[in-house]
Number of protein chains: 2
Amino acid sequence: MASHARRGAPLTREEILTTALRLIDAGGVEALTMRRLAAELSVNPMSLYHHVENKTALLEGVCSLVVARLEPPPDDGSAWQDRLRALAHTYRSLARLHPALWSYVQVHPEMIGREDGMWGALCRTLLAAGVPKEDLAATGEALYSFVSGFVTAESRDELGRQRGAEDVDRTFELAVDIIVAGLRRTTG
Amino acid sequence: MASHARRGAPLTREEILTTALRLIDAGGVEALTMRRLAAELSVNPMSLYHHVENKTALLEGVCSLVVARLEPPPDDGSAWQDRLRALAHTYRSLARLHPALWSYVQVHPEMIGREDGMWGALCRTLLAAGVPKEDLAATGEALYSFVSGFVTAESRDELGRQRGAEDVDRTFELAVDIIVAGLRRTTG
DNA sequence: ACCTGAACACCGTTCAAGT
DNA sequence: ACCTGAACACCGTTCAAGT
């Protein structure tokens, strides 16, 4: 009985990735194990290697899966301040859906390409804010790391001791306010 | 021959921690292994457990070792803007000495207590900047996560493809400028 | 083409035994 | 008190064999 002992349809890469993501969401990245994942799928550990090159490739697949959902909100012609706030909120919303994976991504950015949608939208917004072209990349990187740093701190906080939900939201608003105000002032 | 087969003096906790830090600096946190550490010390892996409860405790020890070196510069009476810049630079300097450990700490903040020296200095500076008392904690956390997020992004960048040293320095200055300007504006 | 079992080189850690 | 070897329950991964 070597051919699919597992009940139901044959194993698929899609199924592997979504199950891996579920394991990560439930127990952190360290809870994702080739052997545990196989058990979760009722399959021999070695079967996974027919759909995924190795564990690194598996993690990359999971990261792409999530990053693909990171799309900038459509650009209504609103002021750059509001646009910036909207981008930050979009980023934060997705990060909060998968906090463990997101922390992992921040330390292992090679797992994802530059998520072009968000990065492009950010740059356009910064230009609208009057950031000079030669400062564009540096400014974008600074803001990007600000937001991702804040969100990481936030999710690790949530795993730890609790705080009121309205409390963290307020802190996030304050953080975004500082960024917006800082940009306004910096660009004259 | 059960008693210290190892040449020289008996094993010490200090020696264990500094060697562990060296391994982490050289190869990342995932390169730190009880067995490899023991080999590095020319000692049986099990001997480590007489000085350190387990691997988690070992990592905590290494983190404390590094965090202990994080001291705010003495408070000359300079303007809060300069003081804020100085604090950011101090933080960044230490982080760049141990980038791998620092990334790890950001994801596992339970490894360190709130490093009271820096946090206290930050709060005093924010008060001097006119941040209202009820916003103090939120503002401090925001700035703290901004700087740590930026520094993490920076160190992962350094491990990857190179950039000019003066280029990253300039980006850091720009980042700090945004924060300072944002604070100034926010607090009226 | 897809799956599997046995095997290898690693982990962290326990425990009983050595001096 | 400090160290050690054997052992256990895990890892990721290779490889030859099954259908």
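The chains referred to below are lettered A, B, ... by the order of the sequence lines, with proteins before strands, and numbering in each begins at 1. This is a predicted model, so every value here is computed, not measured.
Side chain to side chain, Thr152(B) and Gln106(B) meet the donor-acceptor criterion of an N or O pair below 3.5 Å. With no hydrogens or angles considered, a side-chain donor-acceptor pair links Glu173(B) and His89(B) at under 3.5 Å.
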Would you list the protein and nucleotides 11-17 of chain C atom pairs, both N or O, that sit under 3.5 Å from each other?
| unit_1 | atom_1 | unit_2 | atom_2 | d |
| --- | --- | --- | --- | --- |
| dG12(C) | OP1 | Met34(B) | N | 3.1 |
| dG12(C) | OP1 | Lys55(B) | NZ | 3.1 |
| dG12(C) | OP2 | Met34(B) | N | 3.1 |
| dG12(C) | N7 | Arg35(B) | NH1 | 2.4 |
| dG12(C) | O6 | Arg35(B) | NH1 | 3.0 |
| dT13(C) | OP2 | Tyr49(B) | OH | 3.0 |
| dT13(C) | OP2 | Lys55(B) | N | 3.0 |

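The closest donor-acceptor contact from the side chain of His51(B) to the backbone of Leu11(B) lies under 3.5 Å. Looking at Ser42(A), its side chain never comes within 3.5 Å of a backbone N or O of Ala38(A) through a donor-acceptor pair. For Lys55(B) (side chain) and Leu32(B) (main-chain N/O), a donor-acceptor pair under 3.5 Å exists by modelled atom type.
His51(B) has no side-chain polar atom (N or O) that falls below the 4.0 Å cut-off from OP1 or OP2 of dC2(D).
You'll find the side chain of Leu126(A) reaches within 4.5 Å of the side chain of Leu143(A), heavy atoms only.
For Arg85(B) and Asp177(B), the salt-bridge test passes: some basic side-chain N is under 4.0 Å from an acidic carboxylate O. Salt bridge present: Asp169(B) and Arg96(B) bring a charged side-chain N and a carboxylate O closer than 4.0 Å.
For Arg13(A) and dA1(C), the CZ to C1' distance is 18 Å, given to the nearest whole Å. Between the CG atom of Asn44(B) and the C1' atom of dC2(D) there is a distance of 12 Å, given to the nearest Å. In this structure, Leu41(B) atom CG and dC2(D) atom C1' are separated by 15 Å, rounded to whole Å.
Counting only Watson-Crick and G-U wobble pairs whose two key distances fall under 3.5 Å, DNA chain D forms stems of three or more stacked pairs at C:4-8 with D:12-16, C:12-16 with D:4-8.
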